[in-house]
Amino acid sequence: MQLLLTALALGALYGAIGIGFVIVHRLTGMVNFAMGDIAVAGGFGAVVASAVLPPLGAILVGAVVGAVVSVVMYHLAIHPLRNQSLMVQTIVTLGVGIAIRSLIQLYFGSGPRQFPAITSGPSVDILGGRIPQQSLWLIGITLLGYLGLAYFFDRTLSGKALSAFSVNAYAAGIVGISLTTMATIAFALSGAIAGGVLAAQVPTSFIAAGAGLALGLKGFIAAIMGGFDKLGLTLIGGFLVALAEVVVARYVSAAQASTVVFVLLIVLLILRPQGLTRQVVADRV
Amino acid sequence: MTAALSVKGVSFSYGRAKVLRDVSLSVAEGEIVTVIGPNGAGKSTLLNVIARSHRLRHGDVALGGKNTAGMRQSQVVREGCVLVPEGRQVFTTLSVSDNLVLGGYTRRKDSRTKQLMDEVYAYFPRLAERSHQLAGTLSGGEQQMLAVGRAYMSQPRVMLLDEPSLGLSPQMTAQVMSVLAQLRAERNLTVVVVEQNALAALSLADRGYLLSGGQVMLEGTAEELRNNPMIQHIYLGGAPSAEPVSKGIAEAIDHGQAEK
Ligand SMILES: Nc1ncnc2c1ncn2[C@@H]1O[C@H](COP(=O)(O)OP(=O)(O)OP(=O)(O)O)[C@@H](O)[C@H]1O
Ligand SMILES: [Mg+2]
């Protein structure tokens with residue numbers, strides 16, 4: 001039970017970052033490997049804001065910072081390359097990730113940072129396991145973000161326009177939907193959910209400038225499990241990645257947890273490239 | 001009177017392949033004009049350039065006298081010029097009603113969406129019955145209706161249609177064509193329709209252009225084109241008396257095509 005609870009909280013984080021991958025991929029077809037670092041930027045935004053704001057406000061700032069960094073990245077690095085191949089764009093995101101990481105390190109150093117939880121108090125007992133109150137907040141914020149996004153894509157005109165663009169970019173252009181507008185929205189949403197959820201996790205552990213790469217890769221695995229298409233399955237994928245990680249950390253060794261996760265990635269890519277979904281999404285890529 | 005749509009000296013190439021050469025045409029408000037021509041003549045390319053799905057590099061396109069140079073695709077739609085593309089291109093994974101709503105994307109700030117949708121459903125009752133169905137599950141003919149309906153949602157003054165009869169039964173084609181005639185009669189809509197089916201197109205249209213090898217080879221009233229020996233040669237198997245003339249011109253066309 002304890003492992004499940006821990007995995008649930010950690011999985012929410014990986015799932016949220018995975019959702020960030022999925023939103024951008026669905027629209028543009030590229031993989032944004034700077035995702036983890038964008039989330040970390042959001043986390044540090046929250047750390048800074050926590051000096052003057054209560055934790056919940058700081059987390060909100062984290063989401064906004066994630067969104068802003070993501071949008072700026074799109075307009076500076078991706079938009080100018082929109083006529084280049086997806087491969088080129090994807091490689092550029094790796095470079096942008098490194099740049100963001102270095103900038104954060106330059107500003108904040110590589111030491112860990114933290115800020116207080118939203119509600120202080122002892123951990124909560126659930127069916128024999130214990131979970132910090134902040135982790136419940138983290139899970140709640142992730143679910144809220146997920147529901148908000150589901151509503152956005154299903155019910156709002158901009159959400160439908162994004163879906164339309166991913167189904168048929170040519171036809172979307174014909175009805176007057178522009179790539180630049182859609183990409184700006186998609187990058188903002190993906191940065192917001194990743195940054196906001198990571199910010200919500202900061203009080204339960206620490207955040208360090210170098211965290212982005214590993215976080216990004218775990219989110220990437222979650223996104224693969226979601227077939228790079230389904231938000232709900234991506235959340236479940238995040239949970240599975242986290243579960244594998246905590247189980248290995250508990251029964252084998254904490255040092256090997258990450259290695260195991262990456263081996264998992266390779267096995268997954270070989271055995272089930274479509275993730276938890278039924279179809280391969282290769283035709284979109 | 002300024003033309004609803006005027007195209008002057010438009011050329012276009014895909015890489016090195018020159019597909020349109022100095023194409024000019026002019027369509028008056030409320031007019032139905034057809035562009036006919038053999039496969040690969042550049043008809044689709046022409047419509048895509050006008051609608052700005054393709055970039056306009058050489059020549060001018062004006063809508064109601066307003067030059068569209070420097071306009072983005074969405075602005076061209078807002079100026080009232082909308083494309084019903086070849087192959088329909090509906091949003092297959094979205095519902096019929098969502099497809100229509102998105103057709104009005106450039107008009108999202110005015111609140112007439114509901115009313116416009118009802119108007120579409122009145123023109124195409126079939127779509128009303130299927131409003132919650134996914135567009136990808138519609139028949140070809142229904143998808144064509146949806147494509148026209150989606151275009152209507154942007155409240156166009158000029159509608160460009162690329163082979164709306166492709167793959168449709170004669171009855172279905174007649175139904176779509178009659179809605180176009182109705183739209184012209186009721187809303188003074190200007191229509192440019194590209195067709196393989198030259199006879200169907202010429203029976204609907206006021207005037208027509210023959211495009212071949214990326215060039216305008218002929219233009220005239222529907223009546224003139226129907227009686228033109230070259231058109232008869234290409235589309236009606238050629239009346240014997242017209243053979244020598246049409247053969248010569250047809251060869252010229254083939255030559256034009258070979259060149260590009
Ligand atoms: N994306 C493209 N890249 C390169 N060449 C193209 C492209 N699209 C069309 N062409 C070429 O341009 C020429 C004109 O094509 P276009 O689709 O405009 O013809 P069309 O008159 O619409 O033909 P059809 O009646 O078969 O639809 C053709 O020779 C075609 O091969
Ligand atoms: Mg064509």
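Each chain gets a letter, A, B and so on, in the order its sequence line appears, and its residues count up from 1.
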[X], [atom1] atom: more than 12 neighbouring heavy atoms under 6.0 Å:
{"X": "B:Arg72", "atom1": "CZ", "answer": "no"}
{"X": "B:Arg157", "atom1": "CZ", "answer": "no"}
{"X": "B:His58", "atom1": "NE2", "answer": "no"}

Between [Y] and [X], is there a side-chain heavy-atom distance shorter than 4.5 Å?
{"X": "B:Gln73", "Y": "A:Ile174", "answer": "yes"}
{"X": "B:Thr106", "Y": "A:Val175", "answer": "no"}
{"X": "A:Asn168", "Y": "B:Thr92", "answer": "no"}
{"X": "A:Tyr170", "Y": "B:Asn48", "answer": "yes"}

If you tally heavy-atom pairs under 4.5 Å against chain A, which of B:Ala147, B:Gly104, B:Ala51, B:Pro85 wins? B:Pro85
Option that, when pairs with chain A are counted at under 4.5 Å, heavy atom only, ranks first among B:Val77, B:Thr93, B:Asp98, B:Val76: B:Asp98
Nearest heavy-atom approach of B:Ser74 to A:Gly176 is CB-O, 3.3 Å
Give, for atom OG of A:Ser178 and atom OH of B:Tyr105, the distance between the pair rounded to the nearest 0.5 Å. 6.5 Å
Rounded at 0.5 Å granularity, tell me how far NZ in A:Lys160 sits from CG in B:Leu102. 7.5 Å
Which atoms of [X] approach chain A - backbone, side chain, both or neither, heavy atom under 4.5 Å:
{"X": "B:Val90", "answer": "backbone"}
{"X": "B:Asn99", "answer": "neither"}
{"X": "B:Leu94", "answer": "side chain"}

